[in-house]
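To start, the structure itself, in structure tokens.
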Amino acid sequence: MSRTATRAGARNPIAFDLKSYLDQRTDAVNRALDSYLPKEDTRPATIHEAMRYSLFAGGKRMRPAVCLAAAGACGGNEADAMPLACAVECIHTYSLVHDDLPAMDDDDYRRGKLTNHKVFGEGIAILAGDALLTQAFEIAAKCKGWPRYAHQQIILELTNAAGSLQLIAGQVADLEGEGKKLSASQLRYIHERKTSALLCCSTRLGGMSANCSAEQLRALTAFGYNVGLAFQIIDDILDITQTSEQLGKTAGKDTAAQKATYPSIVGLEKSRKIAKELTAKAFASLKVFRGKAQALEALATHLLHRDR
């Protein structure tokens, strides 16, 4: 994992210990999630065990990390942002549990472990996803709200990102696009909603938790949007260049399902070029923070160069 990030416009790279940063935030997020969720033996135990199985299956916690980093860039308190970071992670995990179902992507492995439905059955997996989505809003409801961002606005931010116009819209378009020849703009529509929307929501919520200015919120929105698109393009690339062991999930699934991907439409090298261009745009949007967004810069660099 890279330990440096290059600030947009800077002559020299800024040393940043991303591994330490992520390790510390992952531990904090895991502790918070553990405190928010019912314990495994809470009746009915099966559903709580299933929820925790996927939520604590070793995820990278990138969305919470981006949320906390955005709060830090705006001079906020990470403790204030933590409920929102955890809420986003619950929504993300629910989407993965449902995405792996036989009726969706039909995958047997996620994060190197058997998928939820392979362990608990399809019925419990569906309910576990439902419960995680609901849990997200219970957690978010515990945030205090801020002078510029009322509690209602925080909840609306989550519902908009997770609803039928964004995350679910991307999943629907992804399903309906299987086996069809899609244009680059149609694929971008899917990526904007299925991946970018929740990452963008993460950065915006982090900023809101720090009572950020309108200018800062616009910058975080641009950062989240561009990083989210780059993230999914790299995912497309990794699906055809890495092994299942490296990815922790079944490699080549997109090709087998005849899904449109950036490499299949524009080629591998152009896909890498587009991801780099999007990351450069993300960096440029952070100029408003005047060097206080090192964690966001490091995360963007890592997501561009990751190998899993």
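Note that the numbering runs from 1 along the sequence shown for the chain. Nothing here was measured: the structure is a model prediction, and the numbers come from that model.
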Would you say the side chain of [Y] lies within less than 4.5 Å of the side chain of [X], judging by non-hydrogen atoms?
{"X": "Asp80", "Y": "Lys144", "answer": "yes"}
{"X": "Thr279", "Y": "Val227", "answer": "no"}
{"X": "Gln186", "Y": "Ile190", "answer": "no"}
{"X": "Thr46", "Y": "Glu49", "answer": "no"}
{"X": "Val29", "Y": "Thr26", "answer": "no"}
{"X": "Met208", "Y": "Arg148", "answer": "no"}
{"X": "Gln294", "Y": "Leu18", "answer": "no"}
{"X": "Ser271", "Y": "Ile274", "answer": "no"}

Find the distance between [atom1] ([X]) and [atom2] ([Y]) and round it off to the nearest 0.5 Å.
{"X": "His98", "Y": "His117", "atom1": "NE2", "atom2": "NE2", "value": "11.5 Å"}
{"X": "Thr195", "Y": "Gln166", "atom1": "OG1", "atom2": "CD", "value": "11.5 Å"}
{"X": "Ser95", "Y": "Leu133", "atom1": "OG", "atom2": "CG", "value": "9.5 Å"}
{"X": "Thr42", "Y": "Met51", "atom1": "OG1", "atom2": "CE", "value": "10.0 Å"}
{"X": "His92", "Y": "Arg61", "atom1": "NE2", "atom2": "CZ", "value": "9.0 Å"}
{"X": "Cys90", "Y": "Leu33", "atom1": "SG", "atom2": "CG", "value": "5.5 Å"}

* To do: With side-chain contact (heavy atoms from CB on, under 4.5 Å) as the test, would you mind laying out the steps for Ile234 and Leu303 before giving the verdict?
  => CA-CA 8 Å; Ile234 295 300; Leu303 292 175; over 6 Å; no

Atom of [X], atom of [Y] and distance for their closest heavy-atom approach:
{"X": "Ala128", "Y": "Ala50", "answer": "CB-CB, 3.9 Å"}
{"X": "Ala81", "Y": "Cys67", "answer": "O-SG, 4.1 Å"}
{"X": "Cys86", "Y": "Ile139", "answer": "CB-CG2, 4.2 Å"}
{"X": "Asp236", "Y": "Pro263", "answer": "CB-CD, 3.6 Å"}
{"X": "Leu68", "Y": "Glu78", "answer": "CD2-O, 3.7 Å"}
{"X": "Ile91", "Y": "Ala162", "answer": "CG2-CB, 4.0 Å"}

* Tyr225 and Glu192: side-chain hydrogen bond (donor to acceptor under 3.5 Å, both in side chains), yes or no, with the steps? -> CA-CA 7 Å; Tyr225 172 80; Glu192 283 175 336; 2.5 Å; yes

Verify whether one side chain among [X] and [Y] offers a donor that lies under 3.5 Å from an acceptor in the other.
{"X": "His48", "Y": "Asp41", "answer": "no"}
{"X": "Ser20", "Y": "Gln24", "answer": "yes"}
{"X": "Glu138", "Y": "Tyr36", "answer": "no"}
{"X": "Asn116", "Y": "Arg110", "answer": "no"}

Side chain of [X], backbone of [Y]: donor and acceptor closer than 3.5 Å?
{"X": "Ser202", "Y": "Leu198", "answer": "yes"}
{"X": "Glu176", "Y": "Ala173", "answer": "no"}
{"X": "Ser54", "Y": "Val97", "answer": "no"}
{"X": "Asn77", "Y": "Ala79", "answer": "yes"}
{"X": "Thr203", "Y": "Leu220", "answer": "yes"}

* **Electrostatic pair Arg218:Glu215 at N-O distance under 4.0 angstrom** =>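 Answer for the salt bridge query: no.
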
* To do: May I ask you to say whether Arg31 pairs ionically with Asp27, meaning some side-chain N is under 4.0 Å from a carboxylate O?
  => no

* Assign the ring pair Tyr21 / Phe16 to parallel, tilted or perpendicular, where the plane angle (0 to 90°) is split at 30° and 60°. => tilted

Is there a chain of hydrophobic side chains (I, L, V, M, F, W, Y, each step under 4.5 Å between heavy atoms) that links [X] to [Y]?
{"X": "Ile155", "Y": "Leu167", "value": "yes"}
{"X": "Val288", "Y": "Leu296", "value": "yes"}
{"X": "Tyr53", "Y": "Leu101", "value": "no"}
{"X": "Leu96", "Y": "Phe137", "value": "no"}
{"X": "Val172", "Y": "Leu165", "value": "no"}

* Check the pair Arg306 / Asp235 against salt bridge (Lys or Arg N to Asp or Glu O under 4.0 Å), numbers first and verdict last. => CA-CA 9 Å; Arg306 65 197 172 93; Asp235 245 21; 3.0 Å; yes

* **NZ (Lys142) with more than 12 external heavy atoms under 6.0 Å** => yes

* To do: Dump the intermediate steps for side-chain contact (heavy atoms from CB on, under 4.5 Å) on Trp146 and Ile154, then the final yes or no.
  => CA-CA 9 Å; Trp146 293 270; Ile154 298 296; 3.8 Å; yes

* To do: Begin with the C-alpha distance, continue with both residues' side-chain angles, and end with the deciding distance and a verdict on salt bridge (Lys or Arg N to Asp or Glu O under 4.0 Å) for Asp34 and Lys39.
  => CA-CA 8 Å; Asp34 182 59; Lys39 300 302 179 185; 3.2 Å; yes

* **Verdict with supporting geometry, Tyr262 and His191, side-chain contact (heavy atoms from CB on, under 4.5 Å)** => CA-CA 10 Å; Tyr262 267 83; His191 286 0; 3.3 Å; yes

* **Face-on cation placement of Arg111 at Phe56 ring, 6.0 Å and 45° thresholds** => no

* Is the cationic atom of Arg193 (NZ for Lys, CZ for Arg) positioned less than 6.0 Å from the six-membered ring centroid of Tyr189 and within 45 degrees of its normal? -> yes

* Carefully, step by step, assess Tyr149 and Cys212 under the rule side-chain contact (heavy atoms from CB on, under 4.5 Å). => CA-CA 9 Å; Tyr149 307 102; Cys212 67; 3.4 Å; yes

* To do: Scan for side chain to side chain donor-acceptor pair (under 3.5 Å) pairs involving residues 150-163, sequence neighbours excluded, and state none if there are none.
  => Glu157-Arg204

